[in-house]
Every structure is written in structure tokens, then in C-alpha cells.
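These notes are about the structure you will find just below.
As the structure lists them, so they are numbered: ligands from 1, and atoms in each ligand from 1.
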Amino acid sequence: MDPALMLPPSPDRRWTLAKQLGVTSGVVRFWGVDDWWEYDTLLRTRNRFEDHGIPLHVVEDRPPMTNTVLGKDGRDEEIATVKRLLRNMGKLGIETYCWVWTENPVGVLRTSDSIPDRGGSLKTGYDHEWSQRADDHPEADITEDELWENLEYFLDEVVPVAEEAGVNMALHPDDPPLSPVRGVPRLVTSVDNYERILSLHDSPNHGVTFCQGNFAAMETDVPAAIKRLGDRIHFVHFRDVEGSPDSFVETWHDDGPTDMLAAMEAYRDVGFDGPIRPDHVPKMLGEEDREGVHAGYTDMGRLFAVGYIKGLLEQSE
Ligand SMILES: [Mn+2]
């Protein structure tokens with residue numbers, strides 16, 4: 001397994017910290033870059049990572065797919081862009097595409113980014129009751145059956161392209177793993193649904209981003225879920241939560257309910273040998289005002305998390 005970090009597409013202090021930590025796998029999100037799926041943009045990005053000594057293994061971003069998810073006119077143009085992205089990734093040897101089947105703005109939802117924890121560190125959390133007091137999303141009239149149909153249509157179009165390109169698609173869970181949220185149904189919310197999704201278009205190139213905190217929130221046994229999804233896991237987000245899908249907090253890596261060593265051993269048991277990156281971490285001293293950084297992605301907690309991951313990797317060998 002390669003300890004990884006999600007990084008911006010151009011160097012900044014996070015790239016330097018990643019190098020100092022001995023991170024061996026780059027994961028990119030293209031904050032603020034237009035048309036990033038085009039070949040030349042991806043090529044320069046891939047080479048920028050390479051030149052800094054961090055191989056780029058994962059694209060964790062997604063072209064617009066509103067019409068695709070909702071089954072509306074214009075979806076074929078959106079799908080053509082996803083195909084172009086996958087072909088370009090294949091040409092550049094970028095192995096893994098982390099994507100979601102959720103439409104923004106009902107994507108990752110948190111109701112707090114300031115829950116106090118040890119020493120005044122600040123955690124994020126979710127409370128469904130507060131969340132649901134918001135107005136329904138304007139697209140709330142879609143049904144779960146329609147979402148399944150639209151997903152199958154999408155997979156039948158793109159999975160063969162991923163196979164040809166040699167790219168692994170790795171579907172991230174809906175976060176929180178609940179349905180519906182603000183009136184919109186969601187599918188990627190349980191291990192059973194994952195098995196159904198993987199069988200909609202069965203292929204080794206159609207797999208899973210095992211975002212561990214979501215599985216912990218599903219109230220499933222995390223190592224058992226890793227074993228069920230097995231060799232279809234292509235990418236790991238390593239984190240933990242405490243609570244239920246309706247009400248949870250994101251814990252420090254060493255302070256949640258999941259047996260993290262057993263999880264690491266389960267990844268090894270199923271033969272997973274890809275990138276493993278920390279996901280959401282608490283804010284620490286001096287980071288309270290880092291509003292420009294997405295909640296859960298501040299630096300110091302990530303340093304702790306990478307060290308924790310490396311320790312578990314050694315321990316589980
Ligand atoms: Mn995640």
C-alpha cells in the first residue's frame with residue numbers, strides 16, 4: 001500500500017509536507033482549474049507531480065454530471081467528457097479515478113465543523129435532524145428507481161472505456177450514507193447497495209473507494225465490509241467516525257470505535273496494494289481560521305494521520 005495525500009494540482013506547502021512525510025502516492029483534486037480533464041492539462045499535472053517526486057496515481061474529482069445523474073437531456077455530452085477523461089488518464093498511466101454518484105450541492109454534508117475534542121481540537125460532524133430542516137433540493141422529484149436506471153446507463157457507457165484505457169473506476173460512498181437527503185434519494189449508502197452497483201456492470205475496472213468512515217457510519221463491521229468488497233477496492237480513504245448515519249462525529253484516527261489495525265490487516269488480506277490516504281481530520285492549534293481549506297483537510301491532523309497510517313502499515317506486515 002502507498003501512503004497518499006490529496007493535493008492541489010500545483011505545488012504549495014502541502015506538496016512539501018507530503019514529501020517530508022514520505023508520501024509515495026499523489027491524489028489530485030483540480031480546485032479552480034477549468035476543463036482539467038483535457039489531455040494537456042492532465043499531462044502537465046502528471047509531470048508536475050512526477051518532477052516533484054510524487055507519482056500521480058489518482059484523480060479524485062469529477063466533470064459535471066448533473067444531467068447524467070438526473071437522466072436529463074445533455075447526459076450524453078457529459079458522459080463523452082468522462083470517457084475522454086478516462087482515455088486521457090490511460091494514456092498518462094494515471095491508474096485510478098475516484099468519483100461519486102451524487103449530485104451537488106447534496107454531496108458531502110456536515111452540520112458542524114467546530115465540535116470540541118481533546119485539547120481544543122475541532123471535529124466535524126453531522127446531525128440529520130438539523131440538516132433536514134433545510135429546504136428540499138430543487139431536484140427532489142427524482143425517484144430511487146430512476147437513479148438506479150441512470151446509473152446503469154452511465155456504467156454501460158463508461159466501464160468498457162475504463163477497461164480499454166486500463167483505468168480503475170473507484171466509486172466513493174455518498175456521505176453521509178443516508179437516503180433521502182433533502183428530498184433526494186441516494187444509492188451509495190450500504191454494502192448491499194455496493195454489491196448491487198458492482199453487479200450492474202461487472203468488471204474489475206468498476207470498483208470502490210473504500211471511504212472507511214462512511215462504512216463505519218453504516219454500522220457495518222469495517223473489516224468484514226472490506227472482505228466483502230475484496231479485490232474491487234481500488235482506493236482507500238482512511239478515517240473513522242463515531243455514531244450512526246443520522247448523527248455522527250469524525251474522530252481522531254486513534255480515538256474512534258473501529259479497530260484500525262484489523263482494518264489494515266483486512267486490506268492486506270484482500271490483496272489491496274493501492275493508495276491509502278487520510279480523509280477528514282480535526283483542526284489543531286493555529287488552524288482555526290484556515291477557512292480557505294476545506295473542513296477536514298487542514299495540515300497538522302493530516303501529518304498525524306499519515307504517521308498513524310505508516311505505523312499501522314508496519315505493524316500489519
Ligand atoms: Mn472520503
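Note on Arg228 versus Asp192: salt bridge recorded, some NZ/NE/NH1/NH2 to OD/OE distance being below 4.0 Å.
Distances from the Mn ion (ligand 1) to the N/O/S atoms of Asp279 are shortest for OD2.
Here His237 contributes ND1 and Cys211 contributes SG, and at the Mn ion (ligand 1) these two atoms make an angle of 110°, given to 10°.
Taking the six-membered ring wherever Trp is involved, the centroid distance between the rings of Phe30 and Trp37 does not fall below 6.0 Å. In this structure, His280 has its ring center no closer than 6.0 Å to that of His237.
For CD of Gln315, the number of neighbouring non-hydrogen atoms (other residues, nucleotides, ligands) closer than 6.0 Å is 12 at most.
For the Mn ion (ligand 1), the N/O/S atoms of Asp175 include none lying under 2.8 Å.
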